[in-house]
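Being a predicted model, the structure only gives us computed values, none of them experimental. Here is how names work: the chains are called A, B, and so on, in the same order as the sequence lines, proteins then strands, and each is numbered from 1.
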Amino acid sequence: MKRRTLMHLAAAAVAIAAAAAPALAQDALRIGAVGPKTGPLAGGGAVTFWPNVQLWAADVNARGGINVGGTMRPVEIVEYDDQTNPGETIKAVQRLATEDQVDFILAPYSTGLNLAAAPIFDRFGYPMVTHTATTDKVAELSAQFPNMFFSLGGAQGIATGVVEVLTGLRDRGDIGNRVAMVNVADAFGIELAGAARPQLEAAGFEIVYETSYPLGTQDLSPIMKGAVAATPDAFVAWSYPPDTFALTEQAVIENLAVGAFFTAVGTSFPGYAGRFAAQAEGVLGVGGVHADGAAFQEYAARHEAVTGAKPDFWASAMTYSTFQVLEQAIEGAGTTDRAAVAQYIKDNAFETVIGTLDYDENNNNPAFWTVGQWQGGVFKGVASTGREGAVDVVVKPAWQ
Amino acid sequence: MLEVRALSVAYGQHRALDGASVRVGRAEIVVILGANGAGKSSLLKAVAGICEGRVAGEVLLDGGDIAGMAPHRIVDQGVALVPEGRGVFGDLAVEENLALGAYGPRARDEEAGNLDRVMALFPKLGERRRQVVRTMSGGEQQMVAIGRAMMSNPRILMLDEPVAGMNREETEDMARAILDVRDEWGVTVLLVEHDMGMVMDISDHVCVLNFGRRIAAGTPAEVRADEEVIRAYLGASREAA
Amino acid sequence: MTATEWRDLGLALVVLVVAAGLPFFGTPYYLTLGVTIAMYAVLATSWALFSGPTHYISLATAAFFGLGTYVTAVGIDHLPYWLLLPIAGVIGAVVAGLVGLATLRLSGVYFVIFTLGLAEFIRQVITWAQNLMGTRGLYVLTDLGEREIYWQLLGLAALVFLGGWLIGRSRLGFALRIIGDDEEVARHSGIDTARAKVMLFMVPGAVASITGAIIAPRYVYIEPALAFAPILSFTVVIMALLGGTGRLWGPLVGVIPFTFLTEWVARWFPNQSTLVMGLAFLVIVFLLPKGFVGLIDGARARARGAFA
Amino acid sequence: MDIVITGLVLGGTYALIAMGLNLQYGVARIMNLANGEILVAGAFAAFWFWTAAQLSPLLTIFLVAPVAYVVNWLIYVIILRPLVRRAKSRGQLEVDAILTTFGLGFVAVGLMLAVMGGDYFSYSYLSVPVMLFGEPYGLNRIVAFLAAVVICGALYLWLNRSRAGLAIRAIATAPASARLVGIDVPRLSARAFALGGAVTAVGGALISTFLTLDASTGVIFTLKALVIVIMGGVGDVRGTIVAALLLGLLETFVAVLIDPGLTLAAAYLLFVLILLFRPQGLFGRRTT
Amino acid sequence: MTTAATVLSLRGATRRFGGLTAVDEIDFDVAEHEVMGLIGPNGSGKSTTLNLISGALAPSGGDIVLRGQSIGGLPAQAIARLGVARTFQLVRLLPSMTVLENVKAGAVFGHRRRWGWDADAHAMRMLERVGMARAARSRVGQLTYIDTKRVELARVLASDPRVLLLDEWLAGLNPTELQEGIALIRSLRDEGRTIILVEHVMDAIRSLCDRCVVMASGRKIAEGTPDAVLSDREVIRAYLGDDDA
């Protein structure tokens, strides 16, 4: 912790110094980055987005830069805080495009902010390789914004993954078919609960408890008590980080006895295992990575070395991968011409830390991790839509 | 013991008090008379250090100038003011109001003794120690206010219209209490009052202000015979009654 | 109308025409800033129309703004876009009227917190209703670009200024100035203060709602957390107070420098933007207690004094 | 029964959040919009001591309280007192205080971001069940509730039994009269503000044992605290406690019996209704 | 004047504040074109009575009737529109406005409502009436004390009131100003206005009033011509205390 504190102070000092310093060498490739440093999504951005921006820039520059048609050009990041405010995101992207005249812009953080920025990316022809946008409107959106790419998967795919994992556990005889499902009453939670409900029912599960709670609820114990009272075999929560932590803690306290315990965003954060330690064992969460794969392990090591923090086991690697896509597309196209780079992304597949990324005709990445599970202190992918490296799901042991 | 010299108070363009001077001797009851807007309340507030307007002049308490001191320090010099509207803590109980009266260091040593004497002065307060002041009648609230002021162990007690809105009996009780304050506690009393009956009954000395200036001073009888005072009060055409 | 009024009107028209030309001669970046300025000019000016004379600080802007974005988001698939703006306006005005009837007797800080609570309440109810109906974040996919949005906001700004000017010349406006100076005198002069205040409260309600409806296509994706963000209410208040609420153009002279200030801070202190913003804020409060209007008026008075 | 206990425990949390603001607004007349940031700073201190030295938050509060007291005292004396002096009226002071503390909140968020980054901070402390009437409850919440009882009780007794407390209440009811009994109003106002800040920071340290926070979350708590203070009546400790408990109970009742999705809506509805029918708050007095 | 119609009557008007009865069952009538003085020592309830009539306070009991219509408890603005206008004990002008605008406020929203050019012209006439036309464009902050009183009076007159309430309008004036003030009110009286005036300045009462009501401790203790009531023993006692004490 102490080290991180110092690091942040150092980073702040560097930023101030950089603002005063003369512009970097002319041949640097200027890359814009916009994301929340403050506001409601700052916590998520600080875990998933900003460290990867830093890591990617360090990695690229350590290699001497991006090879653009034969010249190695280092990258220079121009970063702005959007305060989790779509108006600010729009302003910042616009500023990057016309004032800073950056060569490329990394996609912003979260669904809402990506969509707010999409028209501006579109107008200037920037390829927009999103990493943390989940939507089921991929077809419509890519028709409207042809250079927008979707990587993280949609609600339907994630819901399918969860249902498959539960079905697998049930078919193995590990759990029964009683499911308690709760969601945060926000776009993400509502969308996923809506997608999961019919699929659970179609798979023969009985939803014995279902409810939503508002963002910012300070006591989730009534919800957990309700879930316990319904004696479910599996618990599914479409939650955000603060409530993911709170629901898990309540489940421990209320001793929720289930064979499958699923919480959504935040479960894959290293802080989750840090906080719950052995109790995290067997907890299912959204996302996942091929945790045993060399690519990820090497990435995780660099992440910790460069940023001082561990990556999460879902969107971190995905975020980094989209940067890699951009990097490889620039090298592949051999130019900084945005249209050419965007076309290159459409036409090619990319080798990244999460494996191969190949966008389909709707600019959608069809193969993404959907469910992961804490096993032995590592959050391992257990279900995906076509990713390699899934491990078998285990039944949730009793809370310790 | 209190001497106000050439005191002026102005609120913006309006001069409420224009070089007024008042002298108050030890254990005297001095009344300041004057029509509404004559600057009487401004004078008391200026002495207590809580006047909002611009204040110029000297306020000498036993020779020391207290003008411009912070109000809590003036209290600690032994000056207690019961302002117009009484200024009691309406949401607090009688005994809390009285305890607050003895807040300053000056009053603490004698708090218990003073409390007994206040209770003797206003026996009614003893019966109602725990009552919330807001729920009391105007006359009773005035007792709380004066009692609280006496708890600060003052050398001089200033009262701004202590009997406003009271009926005759209440007024008489209050007059008696004010005499007690002088006679039994030996405290100087400076008061602003309209009720001439009461003024005549209790005051040693009267000072009449009009238009921000002193127009007369003397004993009650002298002042009452003063033509200028009569004119100010009952109008010019009134023959002597 | 007096000669000065004709001059002011002419001046305003020139400014409007010049502003409307921004998309043709400015860079897209300046257009984006133009949208921001136009949006806050509309919100802050209409806010000050009510809060200036009455001294009520309303933090309900986000509530009405959010309502407006939802009108567009829900209605865009069913009704023509141009119909949505007046609908948003009516809904905003009606809600503001109801709120006003219920709350304008609250004084000072109670009203402030009430309006804040109101925004949260509306947001919670909409969130819950969305959850109940299973609707997710709403998409507003239109062909409206920054330029069209800018012009709409500019038009709305013109309407707000015209409305403010007309109100200023009307009995209502006169009544409100009296209320602002001394409510007791106002009542004893025969003014129904409650009715005047409620009527006026409907103006920022309607305007903020229409602004939300215009902005919705810019955000593309509408969800309660973004549409009802309380920071909007605070920003509007601060910009208006920074400018000064005593004049119709007061908030505008707050909005423009504030927008450039935030822009400057965001650009040069991306990691410390909140810190620098906060410090800037303290400096403003301490050095400009009466806003820019006070500064300008003070300078004018001094200039007059120098001539005299 | 479990609804009542859960509700009371939540109410205790809310009392911790709001109590400090009540002192600051009720006595020092500063509507402190940076209240939430002070809370988060307290929480951050607890987190830092726990992760760095395994120091229990229950001990950390004894470090947090004096530091927060001094910091808030300095804030009042350096930044806010000039505003109090300059304000011609209560309304003017309110506007200035809103703007200033809003700016201070920004500064605080900026500082915390610089020091600790935007990351969530959460840790596990006393996250074990205790059984009450046959139902399990989180020990950390129960401990926080007991701490709230102790703090509120101590505050209440101090305000009602001690001389200084009496003076504080005198300022809260009638600041103009307080001067007349020899109370140094500016000095005590500064102390009340500082004390309020200390209580808020301690509350933050306690709730960090069960809530996940980050540098930007302060505003949520500011809102809640404002609602509670206004609902209970400005300047009255009992009002704040009652309002906090009421809110906790209501949210729990709604969550259990109606729909958890409506808890916050119900909370704001209660707030709105109370203001409509008792504009001065539950224990407040109409000022004339 | 005794034959003139009654404009305003109070019947048992009462106002209590908590335990204190500030106005205790007051009855009196005011006839058309009459100038009535409401006098009494401080705290006797005169101003509260005036506040009941103007609607600043609602009566706790009894009734107030304006030309046959009950106005007790109506809001101030309704009473103002019915033609009752008042000045305030501490002058209340509108600080952000010019002198003319201050007066216009009365013309626009009062008993007879004017707007636009008509209101301006009327306000100007009222300013001339009180001798303040020269200062029409001034800000009110620049005025002397007596001039603020004149402007306030002009504002009240601008509403064409049926009943004019003057609350210690002469208080705080210096002797020269006082003479000017009395002359001004006398000129209003000569116009035949119906006026109730609360006053401490007895010279003014004597020279201006047709009739006086004397209050003490919230009750009416005397009523009659100024000379009669000011010779009344009880009145003298209330003002100067017991002669035989």
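Counting heavy-atom neighbours within 6.0 Å of B:Arg73 CZ, excluding the residue itself, gives a total of 12 or less. No more than 12 heavy atoms of other residues, nucleotides or ligands lie within 6.0 Å of CH2 in D:Trp73, so this atom counts as exposed by the packing criterion. At most 12 non-hydrogen atoms from other residues, nucleotides or ligands lie less than 6.0 angstrom from NZ of B:Lys45. Summarising the local packing, CZ of D:Arg81 is surrounded by more than 12 heavy atoms from other residues, nucleotides or ligands at distances under 6.0 Å. No more than 12 heavy atoms of other residues, nucleotides or ligands shown are found within 6.0 angstrom of CZ on B:Arg26. By the 6.0 Å contact criterion, CZ on D:Arg187 is open, its count of non-hydrogen atoms from other residues, nucleotides or ligands being 12 or less.
For the atom pair CG (B:Leu100) and CZ (D:Arg169), the distance works out to 8.0 Å, reported to the nearest 0.5 Å. B:Leu92 CG to D:Leu166 CG: the interatomic distance, rounded to the nearest 0.5 Å, is 6.5 Å.
Using a 4.5 Å heavy-atom cutoff, the side chains of B:Pro83 and D:Leu180 are in contact. Side-chain contact check for D:Val181 versus B:Val75: every heavy-atom pair is 4.5 Å or farther apart. In this structure the side chain of B:His72 reaches within 4.5 angstrom of the side chain of D:Asp184, judged on heavy atoms.
In terms of non-hydrogen atom pairs under 4.5 Å with chain D, the most contact-rich of B:Arg148, B:Arg106, B:Arg86 is B:Arg148.
Contacts of B:Glu111 with chain D are made by side-chain atoms alone, with heavy-atom separations under 4.5 Å and no backbone atom involved. Neither the backbone nor the side chain of B:Ala149 has a heavy atom closer than 4.5 Å to any heavy atom of chain D. Neither the backbone nor the side chain of D:Ala172 comes within contact range of chain B; no heavy atoms are under 4.5 Å apart. Heavy atoms closer than 4.5 Å to chain B are found nowhere in D:Ala176, neither backbone nor side chain. Heavy atoms closer than 4.5 Å to chain D are found nowhere in B:Val82, neither backbone nor side chain.
Heavy atoms only, all atoms of each residue included: D:Ala167 and B:Tyr103 are closest at CB-CE1, 3.4 Å. In this structure, D:Ala174 and B:Phe89 approach most closely via the heavy-atom pair O-CE2, 3.5 Å. The minimum heavy-atom distance linking B:Gly87 with D:Ser177 is given by the pair O-OG, 2.8 Å.
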